[in-house]
Amino acid sequence: MRSPWHEAPRRRAGWFALIAAVVTAHALLLVRLAASVIGWDGAAEPRRIEVSLVKELAPAAPPLVATALQPPVDRPAARPARAGRAARPHRNAAQAASSPAEAASASAQETPRTGAEEGVRLGAGLAAIEIQTADPGQQEVEAAEAAAAAASAASAAAARASGASSTPNAVAGPPRPALDWPPSTRLTYTLTGMYRNGPLYGSSVVEWRREGTHYQVQFDIHVSPFFDQRMFSDGRIADDGLRPQHYDEVRKFPLADPRVRKIEFGDDDVTLGNGTRVARLAQTQDPASQFVQFVWMFATHPQWLQSGNVVEIALALPNNLRRWQYDVGALESLQLPFGAIDAVHLTPRTTGPRRSNEYPFEIWTAPTLQYLPVRIHVQLDEQNYADLALDSRPLQAAPDAPPSPAAGKSP
């Protein structure tokens with residue numbers, strides 16, 4: 001057999017090209033392996049918080065919230081608010097401040113409150129509504145009695161808060177957030193839908209993990225056999241909710257390389273996935289943390305869930321950062337595999353044509369399950385959609401449980 005080096009010049013060039021291609025392929029494989037092992041592909045990923053989920057979350061009515069919401073509507077989708085006193089247009093704080101007590105409440109509306117303070121304020125507001133329906137001759141007397149009762153309750157709540165804050169901690173540990181946030185939680189969903197004139201089937205898992213004021217949210221979606229997607233948010237808990245610091249999103253398709261997009265959050269700016277740096281808006285969230293930010297919003301301001309209200313959230317997506325508005329719908333009764341759950345339907349307002357890779361989420365938040373999202377709907381276009389419905393009760397860590405012994409290890 002003759003050596004290839006003694007072949008014609010054209011054949012020798014072909015051999016050289018083949019050898020160069022093999023060497024290049026091996027080099028690229030080694031670089032990719034090194035990047036995944038020692039982090040050559042960018043900043044080191046945040047250490048994953050390890051948790052132990054030990055109990056199911058049973059539905060429980062939050063204090064005073066049930067009286068602030070409309071009766072549940074037994075249907076899977078929202079309709080316009082029903083006629084009646086509960087469906088009257090919502091008044092803003094300036095219009096509602098017709099008395100000194102209401103004006104003081106309105107001026108403090110944007111200040112985060114404790115659960116006791118919020119309950120006292122909401123109770124006083126409900127009392128004021130009842131006073132407006134009373135006989136004119138009794139309004140002044142009842143108003144004075146309600147104001148006195150509210151002031152007494154507020155004083156008692158302030159005294160309890162002062163006593164609690166002055167009590168030294170029995171055990172030193174990581175700082176506690178101002179709000180009593182839910183413990184680490186896992187939610188599992190069944191995914192159904194339509195795509196390209198065919199049915200979609202899959203599953204999804206949302207995990208909320210916290211360790212002191214450090215939080216992580218991971219949102220995994222599996223759609224067989226089309227793709228897998230992971231959304232991961234890492235940051236800290238602040239007085240105004242979640243403060244994301246890092247977000248990454250990975251999409252995997254069959255026979256294709258994964259698509260990775262990242263968002264980095266500074267104190268005053270945000271670097272989007274396309275490299276653009278923009279100013280950070282107040283309470284800016286990412287695609288994963290937004291669901292838990294809604295928990296904070298409604299746990300501290302349950303009156304925002306009145307049908308007809310509009311709530312707003314600043315959202316950083318890989319290609320843009322802007323404020324989104326959601327219309328608050330009626331309280332609906334959802335039939336889930338583990339029983340009926342009452343939830344409030346939030347519908348995003350969309351203006352103008354939808355931007356590339358921008359799919360607004362409709363969310364059903366359940367007050368009796370710590371305001372967690374029990375259903376999520378994504379409308380891809382007029383015919384195609386994906387719907388995620390909670391398929392079992394959420395699993396949670398024990399309240400104030402210490403970190404797992406494996407928490408200090410890297411994944």
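Please read all numbers here as calculations on a predicted model, not as lab measurements. Computation of the quantities below employed the complete heavy-atom set of this structure, encompassing side-chain atoms and omitting hydrogens, waters and symmetry-equivalent molecules.
Here the CD1-OG distance, from Ile341 to Ser333, works out to 8.5 Å after rounding to the nearest 0.5 Å. In this structure, CG on Leu369 lies 10.0 Å from CG on Asp342, to the nearest 0.5 angstrom. The line from OG of Ser184 to CD of Gln216 is 9.5 Å long, rounded to the nearest 0.5 Å. Here the NE2 atom belonging to His345 is positioned 13.0 Å from the CG atom belonging to Leu305, to the nearest 0.5 angstrom. In this structure, the separation between CD on Glu264 and CG on Asp286 is 10.5 Å, given to the nearest 0.5 Å. For the atom pair Asn309 CG and Trp304 CH2, the distance stands at 10.0 Å (nearest 0.5 Å).
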Open item on the list: Between Phe298 and Leu346, does the side-chain contact (heavy atoms from CB on, under 4.5 Å) criterion hold? Intermediate values first, please.
Closed with: CA-CA 12 Å; Phe298 301 136; Leu346 305 176; 3.7 Å; yes
Task: Evaluation steps, side chain to side chain donor-acceptor pair (under 3.5 Å), between His222 and Asp220 - done: CA-CA 7 Å; His222 172 71; Asp220 294 322; over 6 Å; no
Task: Pair Ser289-Gln293, side chain to side chain donor-acceptor pair (under 3.5 Å): steps then yes or no - done: CA-CA 6 Å; Ser289 70; Gln293 180 70 4; over 6 Å; no
TODO: Give the intermediate values and the outcome of side-chain contact (heavy atoms from CB on, under 4.5 Å) for residues Val292 and Trp208.
DONE: CA-CA 8 Å; Val292 184; Trp208 152 257; 3.5 Å; yes
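Across all non-hydrogen atoms, the minimal contact from Pro373 to Ile363 is CB-CG2, 4.0 Å. Among all heavy-atom pairs drawn from Thr284 and Ala316, the shortest one is CG2-CB, 3.9 Å. In plain terms, the two heavy atoms of Arg210 and Pro182 that are nearest each other are NE-O, 2.9 Å. For Ala397 against Lys55, the heavy-atom pair with the smallest separation is O-CE, 3.9 Å. Of all heavy-atom pairs spanning Val374 and Ala343, the tightest one is CG2-CB, 3.8 Å. The two residues Val310 and Gln325 come nearest to each other via the heavy atoms CG1-CB, 3.9 Å.
Between the side chain of Gln290 and the main chain of Pro287, a donor-acceptor pair closer than 3.5 Å is present. No donor-acceptor pair under 3.5 Å is formed between the side chain of Arg393 and the backbone N or O of Pro59. Side-chain N or O atoms of Thr368 include none that pairs as donor or acceptor with a backbone N or O of Ala60 at under 3.5 Å. Judged purely by atom type and a 3.5 angstrom limit, Asp248 has no side-chain atom pairing as donor or acceptor with the backbone of Val260.
The shortest distance between side-chain heavy atoms of Asp327 and Arg349 falls below 4.5 Å. For the pair Tyr215/Ser233, a side-chain contact is recorded, criterion being any heavy-atom separation below 4.5 Å from C-beta on. Contact check for Phe338 versus Leu390: side-chain heavy atoms found under the 4.5 Å cut-off. Two residues are said to be in side-chain contact when any heavy atoms from C-beta on lie closer than 4.5 Å; Phe291 and Val206 fail this criterion. Residues Tyr371 and Met297 form no side-chain contact, since every pair of their non-hydrogen atoms from C-beta on lies 4.5 Å or further apart. Leu317 has its side chain within reach of Trp324: a pair of non-hydrogen atoms, C-beta onward, lies under 4.5 Å apart. Side-chain contact check for Trp181 versus Leu242: some heavy-atom pair is nearer than 4.5 Å. In this structure the side chain of Arg261 reaches within 4.5 angstrom of the side chain of Asn319, judged on heavy atoms.
The only member of Val223, Leu388, Leu187, Ile376 that meets side chain to side chain contact (heavy atoms under 4.5 Å, CB included) when paired with Ser204 is Leu388. No option in Gln229, Met231, Arg230 other than Gln229 meets the side chain to side chain contact (heavy atoms under 4.5 Å, CB included) test with Arg251.
Scored by the salt bridge (charged side-chain N to carboxylate O under 4.0 Å, His left out) test, Arg186 finds Glu207 as partners (sequence neighbours excluded). Listed by chain and residue number, Val270, Leu272, Thr276, Leu321 satisfy the side chain to side chain contact (heavy atoms under 4.5 Å, CB included) test with Val278 (two or more places apart in sequence, or in another chain). Under the side chain to side chain donor-acceptor pair (under 3.5 Å) criterion, His377 pairs with Gln379, Asp387, not counting sequence neighbours. Every residue two or more places apart in sequence or in another chain was checked for a salt bridge (charged side-chain N to carboxylate O under 4.0 Å, His left out) with Glu362, and none qualifies. For Thr185, the side chain to side chain donor-acceptor pair (under 3.5 Å) partners at least two apart in sequence or on another chain are Gln396. For Asp391, the side chain to side chain donor-acceptor pair (under 3.5 Å) partners are Thr188, Thr190, not counting sequence neighbours.
Comment: Glu332 does not engage Arg375 in a salt bridge, judged by the lack of any side-chain N to carboxylate O separation of less than 4.0 angstrom. In this structure, Arg280 does not pair ionically with Asp267, as no charged nitrogen and carboxylate oxygen lie closer than 4.0 Å. Taking a cutoff of 4.0 Å between a charged side-chain nitrogen and a carboxylate oxygen, Asp234 and Arg47 do not qualify as a salt bridge.
Between Phe226 and Tyr195, the angle of the ring planes goes over 60°, which puts this pair in the perpendicular group of the 30/60° scheme. Note on ring orientation: taking the six-membered ring where Trp is involved, the planes of Phe227 and Phe253 are tilted (angle from 30° to 60°).
Shown here is Arg323, whose CZ atom has more than 12 heavy atoms of other residues, nucleotides or ligands within 6.0 Å. Within 6.0 Å of atom CG in Asn274, more than 12 heavy atoms from other residues, nucleotides or ligands are found, so the atom counts as buried in its surroundings.
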